[in-house]
Amino acid sequence: MEHKSIAFSVQDLTVSYGEQTALKNINFQVEKGKLVGVIGPNGAGKSTLMKASLGLISKDHGTIEFYGKPVKQMRENIAYIPQRNNIDWDFPINVLDTVVLGTYPKLGVFHRPKKADRKRAQACLAQVGLQKFSKRQIGELSGGQQQRVFLARALAQQTEIFFFDEPFVGIDASSEETIIHILKKLRDEGKTVIVIHHDLSKAQEYFDDLVLINQDLIEAGPAASVLTPEALGKAYKSQLPFLQSEEADES
Amino acid sequence: MSIMEFISEIIDYGFVQKALFTSVMVGIICGIVGCFIVLRGLALMGDAISHAVLPGVAISFLLDINFFYGAVAAGILTALGIGYVNQNSRIKSDSSIGIVFTAFLALGVLLIRYAHSGVNLDSILFGSLTSVQTSDMWMTLIVGAIVLLVVVLFYKELLISTFDPTMAAAYGLPTKLIHYMLMILLTLVTVASMQTVGVVLVVALLITPASTAYLLTNRLWVMLILSAAFGVISSLAGLYFSFAYDLDSGAVIVLTSFLLFAFIFFFSPKQGVLWRAIRSKRKRNAAS
Ligand SMILES: Nc1ncnc2c1ncn2[C@@H]1O[C@H](COP(=O)(O)OP(=O)(O)OP(=O)(O)O)[C@@H](O)[C@H]1O
Ligand SMILES: [Mg+2]
């Protein structure tokens, strides 16, 4: 069998908040150069999966590896956009300088961003179509524009692996198209992109592979093989009362 | 005394020079550290730490060591204590700040009385620029140098961990460590400002110049420079009025920084309340 390099692997991951278990014994792997969607109902633990993978919250047990290494050694190679940016929108910073922040991880301590770094930030801003707004204060943008600024910042990080938590929420159709185009381009350049996504109707069109979770791992693999009625029924049953009653009828 | 006479006094008298160096440095470092305090929403924390250094001063006196060490230790203990209560219970952060620092302050008041310390409680509480000693001046200058060095060296890290702590943590910055480092700087600045503004009012010199600068710019480094400038202007006013008219230096400094704030609040070109009102009125008139 052809050997494929594994960019991201989750083994036996269990995470809980106090008494409440959010994720139970999750196992899956993501190959390098794939665009992968993580799907599941509200409260399924999708955001928790990302935060635990990045070491932002503690896990009960399990092993997370990026190219066979623990996250601690790989942080500079991972970009992450959280679901909700809990930042101060009145902060004295403009759009371009926000994108320049993306160059910080690779600069290391004591080094300042140079002209080349600012140029790169400018190019990333152009990719998301916001070059006109580079001098605006960050709070003076619409919600969708703000979302795109953070995408530009992630691009400026020039990482191997990207984590996006619901990048399409509150975004119009044309922005969504721009973003998915950028994500596919990253994938084609050999980057590994992991995206939490809500809209099941677009899942097959957007992603190579899917990971379907609801506390447990329901199914992981090529998009078509995950989007089966059985798997979806299993994941969404508690959310959709009519499925539950069907099940009750059967038994 | 006119300003010219005052300047010639500065040149002629060593003790006026000492007060000058001390107050200028205090204005700069309060302005700069204050920016981070304001942007991180830690104004209350600044207030708490400044009050909580009091028992440290008293204990230093009892142990016969320089009050600097005791004050810094008390400030850091307070910051740690507040963090501990906050993270290990559901107590909200403003309440945990209130709980911890009032206890320290109360302890400080009792200890200072008990120690019969000869520590002049008034000058610690409200500052007294006219009694700045050579050792006070050096302490302030050294603390100032440390603060400036840390901010210059770690500007990038301070910026990103203040603006977006999630990204900072995701790429591996020790955000908790940075928080406590900032608390140490805050404590050092507070102790260094004791002679100039006193512990009761130092929080004003931390948050007022920084807030004034915040109204004027959208770039952090400009905010830092403006805030330091407003801090220095306020300190110089305090210096002049305390020598020329024997007024309390701390009170004059705080009132000056407040007047600067009030002026900018109403008249600043971007955020000023007055211009904003005029602009929106024009727009409405144009529309009708
Ligand atoms: N900080 C927290 N403290 C306690 N419980 C939490 C916390 N964050 C999340 N949870 C719980 O963990 C579970 C998983 O939450 P998570 O945010 O990972 O869901 P999600 O799949 O991202 O949902 P959504 O689609 O709504 O974003 C939920 O039941 C939630 O109530
Ligand atoms: Mg989520």
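Chain letters run A, B, ... following the sequence lines, proteins first, then strands; residues in each count from 1.
At most 12 heavy atoms of other shown residues, nucleotides or ligands fall within 6.0 angstrom of atom NZ in B/K176. Summarising the local packing, OH of B/Y69 is surrounded by 12 or fewer heavy atoms from other residues, nucleotides or ligands at distances under 6.0 Å. Atom CZ of A/F133 sits in a crowded spot, with more than 12 heavy atoms from other residues, nucleotides or ligands closer than 6.0 Å. Residue B/Y84 qualifies as open at atom OH: its count of foreign heavy atoms under 6.0 Å is 12 or below. For B/W221, the CH2 atom counts as loosely surrounded, since its 6.0 Å shell holds 12 or fewer non-hydrogen atoms of other residues, nucleotides or ligands.
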Checklist entry - Could you walk me through whether B/R40 and A/D88 pass the side-chain contact (heavy atoms from CB on, under 4.5 Å) check? => result CA-CA 9 Å; B/R40 287 171 174 246; A/D88 171 11; over 6 Å; no
Checklist entry - Can you list the steps and then say if B/D164 with A/F91 is a side-chain contact (heavy atoms from CB on, under 4.5 Å)? => result CA-CA 10 Å; B/D164 190 348; A/F91 198 89; over 6 Å; no
Checklist entry - Going through the checks in order, is the side-chain contact (heavy atoms from CB on, under 4.5 Å) test met by B/K156 and A/L107? => result CA-CA 10 Å; B/K156 224 164 81 259; A/L107 284 174; 4.1 Å; yes
Checklist entry - Yes or no on side-chain contact (heavy atoms from CB on, under 4.5 Å) for B/Y171 and A/I78, after CA distance, side-chain angles and deciding distance? => result CA-CA 7 Å; B/Y171 89 80; A/I78 307 166; over 6 Å; no
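Contact annotation for B/V222: neither backbone nor side-chain heavy atoms come within less than 4.5 Å of a heavy atom of chain A. With a 4.5 angstrom heavy-atom cutoff, A/L54 does not touch chain B via any of its atoms. The parts of A/D90 that come within reach of chain B are both its backbone and its side chain, each placing non-hydrogen atoms under 4.5 angstrom from that chain. The contact between A/Y80 and chain B is made entirely by side chain atoms (from C-beta outward), counting heavy-atom distances below 4.5 Å. With a 4.5 angstrom heavy-atom cutoff, A/N94 touches chain B via backbone and side-chain atoms both.
When all heavy atoms of A/Q137 and B/N218 are compared, the closest pair comes out as CG-OD1, 3.3 Å.
B/R219 is not listed as a side-chain neighbour of A/P92, based on a closest heavy-atom distance of 4.5 Å or more. Using a 4.5 Å heavy-atom cutoff, the side chains of A/Y104 and B/L159 are in contact. A 4.5 Å side-chain heavy-atom check between B/L173 and A/P105 finds every atom pair outside the cut-off. B/M167 places none of its side-chain heavy atoms less than 4.5 Å from the side chain of A/P82.
B/I160 contributes atom CD1, which lies 4.5 Å from atom CG of A/L101 (distance to the nearest 0.5 angstrom). If you take OG1 on B/T166 and CD on A/Q83, they are separated by 12.5 Å, rounding to the nearest 0.5 Å.
The aromatic rings of B/F163 and A/F150 sit parallel, their planes meeting at an angle under 30°, below the 60° perpendicular limit.
Checking side-chain atoms of A/R75 against main-chain N and O of B/A170 turns up a donor-acceptor pair under 3.5 Å.
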